[in-house]
Number of protein chains: 2
Amino acid sequence: MNERQKRASTKDVAKLAGVSLGSVSRVINKFDNVTPEVREKVERAMAALDYRLNHAAKTLRSRSSRTVGCMLTDITNPLYANLFRVFEDKFREAGYLVLLANSMNKGAWEIEILEMFRSRGMDGVLLAPSNERNPQVIAAVNQLDIPAVIVDRDISVQQDQVRFDHVRGIREAASALIAQGHRRIAIILSGVESRPMRRRLEGFRAAFAAHGILPVEELVVRLPSSTENAFARVDALLRSDQPPTAIFSLGTNVLGDVLSAIAARGLRVPQDVSVVSMGDPEFARSHVPAIATVSIDIDFAASESARLLLERMEGRVQGKPRRVLIATQFVPRDSCAEVPPSKTRKVSKTR
Amino acid sequence: MNERQKRASTKDVAKLAGVSLGSVSRVINKFDNVTPEVREKVERAMAALDYRLNHAAKTLRSRSSRTVGCMLTDITNPLYANLFRVFEDKFREAGYLVLLANSMNKGAWEIEILEMFRSRGMDGVLLAPSNERNPQVIAAVNQLDIPAVIVDRDISVQQDQVRFDHVRGIREAASALIAQGHRRIAIILSGVESRPMRRRLEGFRAAFAAHGILPVEELVVRLPSSTENAFARVDALLRSDQPPTAIFSLGTNVLGDVLSAIAARGLRVPQDVSVVSMGDPEFARSHVPAIATVSIDIDFAASESARLLLERMEGRVQGKPRRVLIATQFVPRDSCAEVPPSKTRKVSKTR
DNA sequence: TTGTAAGCGTTATCAG
DNA sequence: CTGATAACGCTTACAA
């Protein structure tokens, strides 16, 4: 790095340009009431001194950091990574910076992060607290005195919220499978107990209920962490006496594991096992056979969150919390088919 | 959110506690020379007023933001997401916050981000500029007057650098395949032209050179973006008159596509096609057959970067730039096998 | 339109 | 060990 010579301040610029501090500030902030001559003198001086605005001073004085905080569970989850990127883009356009903090599912960290957001003077925050049932976390969220938006959580707080209608998409998908004769349907859920997991299971059960039957509880698999490998679990299901005839792959990175486990046992999709995935990645579309999915428009969730938050931050909206519910949709594809007759009989025998 | 009552300052705390401003500051910063009584009075007052440190004021006065910047191409790339997370952890331990900025491969943004880092008073920065050949970006990096570490770039600047020895791992892997009789080896590279891509190709060519032969240029596939789907490209290769007998899958998300394309054509790994992947994800290990990989210890790169940067920031190290080269290694697994005799003949005919 | 000066909330430097 | 006071670099009234 270069020798660290003292950075030029507005005062230095004013002196060199032969104008006052106020004029420099007006030029920096693009005020109208500045004569072209003054503006040019200031700009010349700024260039000559390689002047940079000191953001801390600006924040201190103007009481706005032009920064928003973004608290997620874990950015290595591609869903969150996408959410962040779109959110960052929207705010960049609006002249804000986004500060990312990963809570890694730890309640204590979530509280710490919220403290930090306050201390650092965030103008607004986006929150996806994983500990949505932790009273201390809820209290900390409620005590926030800055605009906030909560993403896809069942948490009862006085802030704007954006949620996915997970139930509907999964219900549609499960219904379709049931209509195709499937009864032994496995569902692989990943991540900690939280809204997405809960709602997906709810939709799953609702589909069975609508057909007057019950899901097979042994086929409900909860992976403790979203990084956990699903291969062994799926493999075990497939080895059992009564293997599933269809599998919901609802974790972030589990589709590959599921397909790999199916192939490893010499089974075929969809002839032996039907598969439904989540989030509609490119991979699912190009796979042969194409994998049916429950689509989740994470980009839309991100931009809606950004919109709600910006409206609050800019004072364009006040009053009671708003709720946005984003639809999810079943996208049927070749990976789902009728249950093979032999398997149907086998199942009917046991019921 | 709650009603926004004016936040308490150190002055308020001092008044309520009946001590001076200086004493409050000493308590906050955990100085030794404070009597227990004073400390307790201050702490009580802070609690009563729900006092929060104003970070902007602290930064302005102390000339340290206790924040480091992290400029990456795109956090949705899992490799970068992991890098960030480990980096963030290390700095959190040291009492710093990490500010993430995605440059999305845009040179103009990279320059803008560097400006922003300066303006916001970063104490240090980690950079992985995608435009490593862009003179303006290089100039901007060189002009930084804060400690910096560059990650895995071929860029000639006066800063500490951490790099992977991509060449070696790929060379080992390619040599192993060549030794198994493979000649038509495809290599799928993703992302923009940059060090990782360049070096991997270099290692690939080096292995052929060592055996006195040349790679088949038509089998070198460059995917323009790291999000681009590789299925169609691999499918096209496999359909050709002279399909590859082995495939290097060196992009971040391409392994799934490669396996899927192979399976879609009814081919088997490794009997028909050998496969080598990159980065050693869990998925590769549990897949049947297990996928050979060129391992890349991204966590180690992140912690080494953090170490180098912290040493500079804390002034423990001065002087000329340091270079860390991190080994990559070929991990052979079942996905690689001898070329089937029929295919060997086919190739030998054409040479 | 421009200049002047106060003050944002902290830390740092002195005396006491 | 504690208190008073001057910065830090900027914005923002208000006065000229």
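Since this is a predicted model, take the numbers as computed values, not measurements. Numbers restart at 1 for each chain; the letters A, B, ... are given by sequence-line order, proteins then strands.
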Quiz item: In the 5'-to-3' direction, what one-character label does each nucleotide of nucleotides 6-12 of chain D receive under the scheme B = base within less than 4.0 Å of a protein heavy atom, S = sugar-phosphate only, - = no such atom?
Solution: BBBBBBB
Exercise. Could you tell me, to 10°, how much the axis swings from one end of the helix from C:dT1-D:dA16 to C:dG16-D:dC1 to the other, five pairs per end?
Key: 40°
Exercise. Give a yes or no on this: more than 12 heavy atoms of other residues, nucleotides or ligands lie within 6.0 Å of atom CD of A:E314.
Key: yes
Quiz item: Hey, is A:D145 close enough to A:R118 for a salt bridge, meaning N to O under 4.0 Å?
Solution: yes
Exercise. Using only heavy-atom distances, determine whether the side chains of B:T76 and A:N82 contain a donor-acceptor pair under 3.5 Å.
Key: no
Exercise. Determine, stepwise, if the pair B:R66 / B:L97 fulfils side-chain contact (heavy atoms from CB on, under 4.5 Å).
Key: CA-CA 7 Å; B:R66 298 212 64 85; B:L97 200 76; over 6 Å; no
Self-check item: Separation of C:dG9 C1' from A:R118 CZ (nearest whole Å)
Solution: 15 Å
Exercise. For D:dA4, take OP1 and OP2 only and decide whether either is under 4.0 Å from a side-chain N or O of B:S20.
Key: no
Quiz item: Do B:F84 and B:Y80 pass the ring-ring contact (aromatic ring centres under 6.0 Å, His included) test, and can you show the C-alpha distance, the side-chain angles, and the key distance before you say yes or no?
Solution: CA-CA 6 Å; B:F84 176 79; B:Y80 282 130; over 10 Å; no
Quiz item: In terms of side-chain heavy atoms, does B:T67 have a donor or acceptor partner in A:R120 at a distance below 3.5 Å?
Solution: yes
Exercise. Quick one: which residue pairs count as a salt bridge (Lys or Arg N to Asp or Glu O under 4.0 Å) with a foot in residues 300-311 of chain B, not counting sequence neighbours?
Key: B:E304-B:R307, B:R307-B:E311, B:E311-B:R322
Quiz item: Looking at B:F31, is B:R26 sitting on its ring face, NZ or CZ under 6.0 Å from the six-membered ring centre and within 45 degrees of the normal?
Solution: no
Quiz item: Taking atom P of C:dA12 as reference, at what distance in whole Å does atom CG of B:N33 sit?
Solution: 13 Å
